[in-house]
Asks: 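What follows is a structure written as structure tokens; I'll ask about it next.
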Amino acid sequence: MTIIRSLLLFVVAAVAEIGGAWLVWQGVREHRGLWWIGAGVAALGAYGFVATLQPDANFGRILAAYGGVFVAGSLGWAMAVDRYHPDRYDLIGALICLAGVAVIMYAPRS
């Protein structure tokens, strides 16, 4: 159950961070205005709180592992929202990153 909770928290964190950055991008680069930027800043702040809910007590480990989730999540966001079509190297890279997440977070430790 702990691994499932951890994975769900990583997904929530990714949506908050990637979505927040996307909202800021839209507000600034696409000239959508301050409401978009403000919503993005709020989502980015929420991301910071979500990370504290991880069951592991090691900030560095959580942040390092989240980096892999961020890479894969960013490609997923790009596909779903921006209609980006990743090539095989994007996908291979994302899978390598997710393998790193599994090793960093869920390898058996004494």
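FYI, the numbering just counts along the sequence from 1.
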Asks: Nearest 0.5 angstrom please: Leu9 CG to Thr52 OG1, how far?
Replies: 9.0 Å
Asks: Are any of the side-chain heavy atoms of Leu53 and Arg5 separated by less than 4.5 Å?
Replies: yes
Asks: Does anything in residues 95-104 form a side-chain hydrogen bond (donor to acceptor under 3.5 Å, both in side chains)? List the pairs, not counting sequence neighbours.
Replies: none
Asks: If I compare all heavy atoms of Ala14 with all of Val69, which pair ends up nearest, and what's the gap?
Replies: CB-CG1, 4.1 Å
Asks: State whether the side chain of Asp56 and the backbone N or O of Asn58 hold a donor-acceptor pair below 3.5 Å, judged by distance alone.
Replies: yes
Asks: Closest approach of Val71 and Ala94, non-hydrogen atoms and distance?
Replies: CG1-CA, 4.5 Å
Asks: Could you list the residues that satisfy ring-ring contact (aromatic ring centres under 6.0 Å, His included) with Tyr47, not counting sequence neighbours?
Replies: Tyr66
Asks: Kindly indicate whether the side chain of Phe10, heavy atoms from C-beta on, has any atom under 4.5 Å from the side chain of Gln54.
Replies: yes
Asks: Working to the nearest 0.5 Å, report the span between CG of Leu7 and CE of Met105.
Replies: 8.5 Å
Asks: Work out which heavy atom in Ala43 is nearest to a heavy atom in Gly20; give both atom names and the distance.
Replies: CB-CA, 3.6 Å
Asks: Which ring pair (Phe, Tyr, Trp, His ring centres under 6.0 Å) pairs, counting each pair once, include a residue from residues 67-107, with sequence neighbours left out?
Replies: Trp22-Trp77
Asks: What's the separation between atom CG in Asp90 and atom CG in Leu95, rounded to the nearest 0.5 Å?
Replies: 11.0 Å
Asks: Tell me the closest heavy-atom pair linking Ile37 and Val24, and the distance in Å.
Replies: O-CG2, 3.9 Å
Asks: Any idea which heavy atoms bring Gly68 and Val101 closest together, and the distance?
Replies: CA-CG2, 3.7 Å
Asks: Heavy atoms only: give me the nearest Ile104-Ala65 pair and the separation to one decimal.
Replies: CG2-CB, 3.9 Å
Asks: Answer with yes or no whether the hydrophobic clustering places Leu34 together with Val28; edges join I, L, V, M, F, W, Y residues whose side-chain heavy atoms lie under 4.5 Å apart.
Replies: yes
Asks: Roughly how far apart are Ile3 CD1 and Leu8 CG, rounded to 0.5 Å?
Replies: 12.0 Å
Asks: Once rounded to the nearest 0.5 Å, what's the spacing between atom CG of Leu23 and atom CD1 of Ile18?
Replies: 12.0 Å
Asks: When rounded to the nearest 0.5 angstrom, what distance separates SG in Cys97 from CD1 in Ile92?
Replies: 12.0 Å
